Amino acid sequence: MAKIFCVANQKGGVGKTTTAVNLAASLSGLDQRVLLIDLDPQGNATMGSGIDKAACETTVYEVLVDGATIRDARVSPEAVKYDVLPANRELAGTEVELVSMENRERILRAAIAEVVDDYDFVLIDCPPALSLLTLNALCAAHGVIIPMQCEYFALEGLSDLVNTVKQVHANLNRDLAVIGLLRVMFDPRITLQQQVSDQLKEHFGSKLFDVVIPRNVRLAEAPSYGLPGVVFDKSSRGAQAYIQFGTEMIERVRALAMN
Ligand code: ATP
Ligand code: MG
């Protein structure tokens, strides 16, 4: 049965999609069966996995709103070894349509339940908002991965996210926990980043992933080729860090299962 993780942070441009896409590539490279769900109308995880989002007829939108199944909508891109439930601009209208639906925050959870045995990992790339879409991801997931840059303002807003996770845990999904915070786009030459990283360590201890993702231009270039950095240039420092992150995730999941 798949373990389900969402990559969430309501701040924009903090590396959610880069993390989701590269973790999917890393885990599938480690022989894990992976489904990546794009839950952002921007469709960046879809494009970054080599899928033309405009050409997708059945997407996560139809799954949420029209009762389509994930089996109907998922795609197996040629360039990567994982499956993708794609998204495009259509998804932007979902918020409004969901509001009137019964159990509106559990629709994604119910859809994933039908395919949990097809995968070892289901990863959900969230949009930059604490919206009904993100709430659907939090209700479906066992754990939240929070990517963050080691900058002063990164800590602001983190408490909103952590509180939301706590509330969802208390009221909607007892399985949910923050599995870990991931430091991304890290530049050790910047003193402030080192300081914030140290603060995070003090504050969050073992909730912080050991691996640190460096700022690396190859990771930023990869999406324009429709590839995860891990596939585009496996030997780059950024790709190597995400490959290590995949190993750390597998270890963390095993440790949780033993508790
Ligand atoms: P949004 O909130 O809009 O969904 P996001 O949180 O998904 O954004 P990304 O799209 O993953 O963030 O990253 C934002 C930008 O930073 C992108 O241009 C991406 O290529 C770049 N980027 C992400 N991680 C790195 C990294 N480690 N090194 C260099 N560039 C990076
Ligand atoms: Mg994104």
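Because the structure is predicted, anything quoted here is derived from the model rather than measured. Atoms within a ligand are numbered from 1 in the order they appear, just like the ligands themselves.
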> Do you see a protein non-hydrogen atom under 4.0 Å from atom 25 (C) of ligand 1?
Replying inline: yes
Hphob cluster co-occupancy, [X] + [Y], side-chain heavy atoms under 4.5 angstrom:
X	Y	value
V14	L200	no
Y61	L39	yes
F186	V230	no

List the closest protein heavy-atom neighbour of [atom]: residue, atom name, distance to the nearest 0.1 Å.
atom	answer
atom 10 (O) of ligand 1	T17 CB, 4.1 Å
atom 20 (O) of ligand 1	A220 CA, 3.4 Å
atom 3 (O) of ligand 1	Q42 NE2, 3.1 Å

> N/O to N/O below 3.5 Å, does that happen between T19 and ligand 1?
Replying inline: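 In this structure, T19 places no N or O atom under 3.5 Å from an N or O of ligand 1.
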> Would you say ligand 1 has an N or O under 3.5 Å from any N or O of L219?
Replying inline: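 L219 vs ligand 1: no N/O contact under 3.5 Å.
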Which of these, [options], has its nearest heavy atom closest to [atom]?
atom	options	value
atom 5 (P) of ligand 1	R237, K16, M185	K16
atom 1 (P) of ligand 1	A45, G238, G13	G13
atom 28 (N) of ligand 1	V217, N216, D125, T18	N216

>> Counting only heavy atoms closer than 4.0 Å, does ligand 1 sit against the backbone of N9, its side chain, both, or neither?
In response: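 No part of N9 comes within reach of ligand 1.
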> Where does P214 meet ligand 1, judged by heavy-atom distances below 4.0 Å: at the side chain, the backbone, both, or neither?
Replying inline: backbone
> Does the side chain of T46 come under 3.5 Å of the side chain of D38 through a donor N or O and an acceptor N or O?
Replying inline: yes
Atoms of ligand 1, numbered as shown, that sit under 4.0 Å from any heavy atom of [X]:
X	value
V14	5 (P), 6 (O), 12 (O)
G12	2 (O)
D40	4 (O)

> Any N/O/S atom of T17 sitting less than 2.8 Å from the Mg ion (ligand 2), backbone or side chain?
Replying inline: yes
> Between R254 and E251, is there a side-chain N and carboxylate O pair less than 4.0 Å apart?
Replying inline: no
> Can we say R74 and D118 salt-bridge, meaning some charged N sits less than 4.0 Å from an Asp/Glu carboxylate O?
Replying inline: yes
> Which atoms form the tightest heavy-atom contact between L98 and R104, and what is the distance?
Replying inline: O-CB, 3.3 Å
> Can G15 be said to touch ligand 1, with heavy atoms closer than 4.0 Å?
Replying inline: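 Per 4.0 Å heavy-atom rule, G15 contacts ligand 1.
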> Under 3.5 Å, is there a donor-acceptor pair between the side chain of N44 and the main chain of T17?
Replying inline: no
